[in-house]
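Below: one structure, written as structure tokens.
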Amino acid sequence: MATRSTSFLVAFALMVSALFASPPSLDLPAWVGSVGAKSTPPAGPVLSANAFGAVADGTTLATAAIQRAIDTCALRGGGTVTLAPGRYLTGALFVKSGVRLRIDAGVTLVATTDEKAYPLLPTRIGGIEMVWPAALINVYGQHNAEIDGEGAIDGQGPYWWKKFWDLRAAYIPRGLRWAADYDCQRLRLITVWKSQNVTVSRLHLHRSGFWTVQITYSDHVTVDGITIADNFMSEGIKGASTDGVDVDSSRYVLVQHCDIDNNDDDICLKAGRDADGLRVNRPTEYVVIRDNVCRRGGGVVSFGSETAGVIRHVVAYRDVGIGTSEGLRFKSTPTRGGGVEDVLIRDVTLTNVPRPFTFTLDWNPAYSDVKIPDGMKNIPAMWRAVAAPVQPPERGYPFMRDITIANVRVTGARQIMTVSGLPQKPLGAVRWENITAQGTEAGSIRYAHDWTMSGVQFRTSDGKPVKSGHCDRVELPVVSHE
């Protein structure tokens, strides 16, 4: 997959989108033209990290040399840092304002597994603010920065994945399944934190230890034409939480022309978890996701489960899912708070996606339902933050409303709709237009209201209608026997 060119990917997505004719009522909102980075660093001067001592042998640690090149470039007013072809072993790097780190074809940055090479920094993980190891490449409190090129970044995922699976196996008998994701500090490949006008483009990202690209508390960020691969399994070890692109409480973000294959959400929107997320109260908003191809993974476009700060003003179009476990995925829990609103998804093709449309407000209780076992002493501050109750409990009930899904073609599904709101908080208005879906069964809808359907047709193996319960003013699709 890493050999697929961006031009082929764009042509493929555009060819698929040409099958659709969007009704005039689904014109894109005016703000769509305002997303993404508004500036990029100057092309020159060009500094070679090799001139600062970086050795391309894959075994000599090159962190200090590459960082010296970046820092020198920034002090000179900006420009481009390059590397000669080869493999460079490195720990955390920090790209500065005005600097383009160019990783050209033939160059591979390899993450060291020496965990001391990643300094602990304030960040947010799984919707909770905490101290966590830096990513391999960081844009941390900067502006007008870029990470670009057709080279590769290898996170040496199996090291981090084994660490996680071993810890999780030890935690489950203690009733601490939820804590494993936080206590096992794994490597992210690229993090953009509290930054503006940042571009990440064309790179081939492999074997991330944890999330691959995370954008948090930032605005005007572009992720364009990256390939994410080898995140599902490597060296016989399954990837763990290897999200593709996570947009976390950030604004005016553009994700386009990407090819993603991983073991969790492909492109995911997040806005904080439970009491801590409600305290921070920062939305993810004004996000465009277009012309991407998602292969294996947890969701072509996922909303949540971290919804506390609200996810809103999102447009996704001309995206393709091929064998992804879920397609359009909306998820939260009764303690998350916040919600999802003002979403337009259109012109999407989902092929061999078992569950193309999923909505749940009680997602993954083993991870979401947090309880510190009785009698524990010396409880970490992070555990207390995750376990802090939402008060009053009603504040934790998330909403989902004002969502439009149009011009979607589904083939090879198993259960077309998997939908369940909460008795205390049914799913709100969803508008379905011009949907054709083929699969084994139509599925079910529970606890929802004000759903409209126009031109929605399912063909299933059994021809049975969508099951519905506890619904109010919910129209159902036409289902026929294939």
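Reckoned from all heavy atoms, side chains included, excluding hydrogens, waters and symmetry mates. The first residue in the sequence is number 1, and the count goes up from there.
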Fill in: ring-ring contact (aromatic ring centres under 6.0 Å, His included) between Phe357 and Trp432, intermediate numbers included
CA-CA 11 Å; Phe357 305 113; Trp432 301 78; 5.0 Å; yes
Worksheet item: Is there a donor-acceptor contact under 3.5 Å linking the side chains of Arg459 and Gln438?
Response: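 There is no such pair between these side chains.
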Spacing of [X] atom [atom1] and [Y] atom [atom2] [to the nearest 0.5 Å]:
{"X": "Gln142", "Y": "Ser195", "atom1": "CD", "atom2": "OG", "result": "6.0 Å"}
{"X": "Tyr118", "Y": "Leu93", "atom1": "OH", "atom2": "CG", "result": "9.0 Å"}
{"X": "Leu120", "Y": "Thr123", "atom1": "CG", "atom2": "OG1", "result": "11.0 Å"}
{"X": "Cys258", "Y": "Ile289", "atom1": "SG", "atom2": "CD1", "result": "10.0 Å"}
{"X": "Asp181", "Y": "Ile125", "atom1": "CG", "atom2": "CD1", "result": "10.5 Å"}
{"X": "Leu136", "Y": "Thr191", "atom1": "CG", "atom2": "OG1", "result": "9.5 Å"}

Discussion item. For the residue pair Arg282 and Tyr217, would you count it as a cation-pi contact if the rule is NZ or CZ under 6.0 angstrom from the ring centre and within 45 degrees of the ring axis?
Written reply: yes
Fill in: Quiz item: cation-pi between Arg177 and Tyr367, 6.0 Å / 45°
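Here Arg177 fails the 6.0 Å and 45° test against Tyr367.
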Fill in: Exam field: side chain Tyr182 to backbone Gly126, donor-acceptor pair closer than 3.5 Å
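Yes; judged by distance alone, with no hydrogens or angles, the pair exists.
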So that I can tick it off, tell me whether [Y] and [X] are bridged by a salt bridge, with the cut-off set at under 4.0 angstrom between side-chain N and carboxylate O.
{"X": "Lys331", "Y": "Asp265", "answer": "yes"}
{"X": "Arg355", "Y": "Glu326", "answer": "yes"}
{"X": "Arg290", "Y": "Asp319", "answer": "no"}
{"X": "Arg312", "Y": "Asp342", "answer": "no"}

Fill in: Set of salt bridge (Lys or Arg N to Asp or Glu O under 4.0 Å) partners for Asp402, sequence neighbours left out
none
Practice prompt. Under the salt bridge (Lys or Arg N to Asp or Glu O under 4.0 Å) rule, collect the residues that match up with Asp274, sequence neighbours excluded.
Written response: Arg336
Discussion item. For Val353 versus Pro356, what's the shortest heavy-atom pair and its separation?
Written reply: O-CD, 3.6 Å
Discussion item. Apply ring-ring contact (aromatic ring centres under 6.0 Å, His included) to residues Trp160 and Phe210 and explain how you reach the verdict.
Written reply: CA-CA 8 Å; Trp160 313 96; Phe210 187 49; over 10 Å; no
Worksheet item: Does the side chain of Val300 reach to within under 4.5 Å of the side chain of Val348, using non-hydrogen atoms?
Response: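 No, every pair of side-chain atoms sits at 4.5 Å or beyond.
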Worksheet item: Do Ile147 and Leu203 have side-chain heavy atoms sitting under 4.5 Å apart?
Response: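 Yes. Closest side-chain heavy atoms under 4.5 Å.
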